[in-house]
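Worksheet: the structure to be examined is printed underneath.
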Amino acid sequence: MARFKRIMKPNFLKAGKYFLGLVVIVSQVFLAYQIIDMNYERIYAFVSGLMPEQSASYQLEELVVNPSGSNGQRYLVVEISLDLKDRRHIELIQNQQQRIKHEMNEVLSSRTVDQLTQLEVREQLREELTDIVNQAIGRGSVRNLYYTRYVMQ
């Protein structure tokens, strides 16, 4: 009989630990569900507040630039579209449009024809032009900058 108790005791304790762990996990899942169910509207409003209200796109006017060292013989035509985080920033861009165009012209005209035709330089220019817009409006609104037209003549 003593031998039988020794054999049953370790197995029962092992099964009891697993059962107790399962009960704890199931009760935590149930409590989490109840808390979320009772406060769903407040949680949804909080999470929605973290997201930007409405994103927007903005098309800048066409830029025509003479590349550095081309002596006016070559030119670059660029149209840029901005993907913005917030629709309200369109007005900020419109208010600073002359400054943005001027600074973009400065950056683009400082590059040579060879640089402007290289894909790696175009990607660097995208980052620089994005920084110009963000600095001009004082916010990090530009998610992405797209060349809708990029023609070297």
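None of these values were measured; they are calculated from a predicted model.
- Looking only at distances, a side-chain donor or acceptor of Y147 sits under 3.5 Å from a matching main-chain atom of R122.
- For the pairing with V65, the side chain to side chain contact (heavy atoms under 4.5 Å, CB included) check across L116, N105, V107 returns one residue only, N105.
- For the pair L92/Q96, no side-chain contact is recorded, criterion being any heavy-atom separation below 4.5 Å from C-beta on.
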Which pairs would a plain distance check flag for residues 71-84, meaning a side-chain donor or acceptor within less than 3.5 Å of a matching protein atom at least two apart in sequence or in another chain?
from, atom 1, to, atom 2, distance (Å)
R74, NE, Q153, O, 2.9

Test side-chain contact (heavy atoms from CB on, under 4.5 Å) applied to N39 and F46, step by step: CA-CA 11 Å; N39 299 305; F46 175 75; over 6 Å; no

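- Between V142 and N134, the closest heavy-atom pair is N-OD1, 3.1 Å.
- Without hydrogens or angle criteria, S70 side chain to N66 main chain gives no donor-acceptor distance under 3.5 Å.
- Each of E106, E62, E61 was scored for a side chain to side chain contact (heavy atoms under 4.5 Å, CB included) with K101, with one residue passing: E61.
- In this structure, the side chain of R87 does not engage the main chain of A56 through any donor-acceptor pair within 3.5 Å.
- S68 is not listed as a side-chain neighbour of Q115, based on a closest heavy-atom distance of 4.5 Å or more.
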Working for side-chain contact (heavy atoms from CB on, under 4.5 Å), residues M104 and V133: CA-CA 9 Å; M104 285 183 173; V133 175; 3.5 Å; yes

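- For E91, the CD atom sits in a loose shell: 12 or fewer heavy atoms of surrounding residues, nucleotides or ligands are nearer than 6.0 Å.
- Within the 4.5 Å cutoff, the side chain of Y58 has heavy atoms near those of the Q94 side chain.
- Among the candidates I132, L125, L129, D131, the single residue satisfying the side chain to side chain contact (heavy atoms under 4.5 Å, CB included) test with L145 is L129.
- Annotation for Q34: atom CD counts as buried by contact number, over 12 foreign heavy atoms lying within 6.0 Å.
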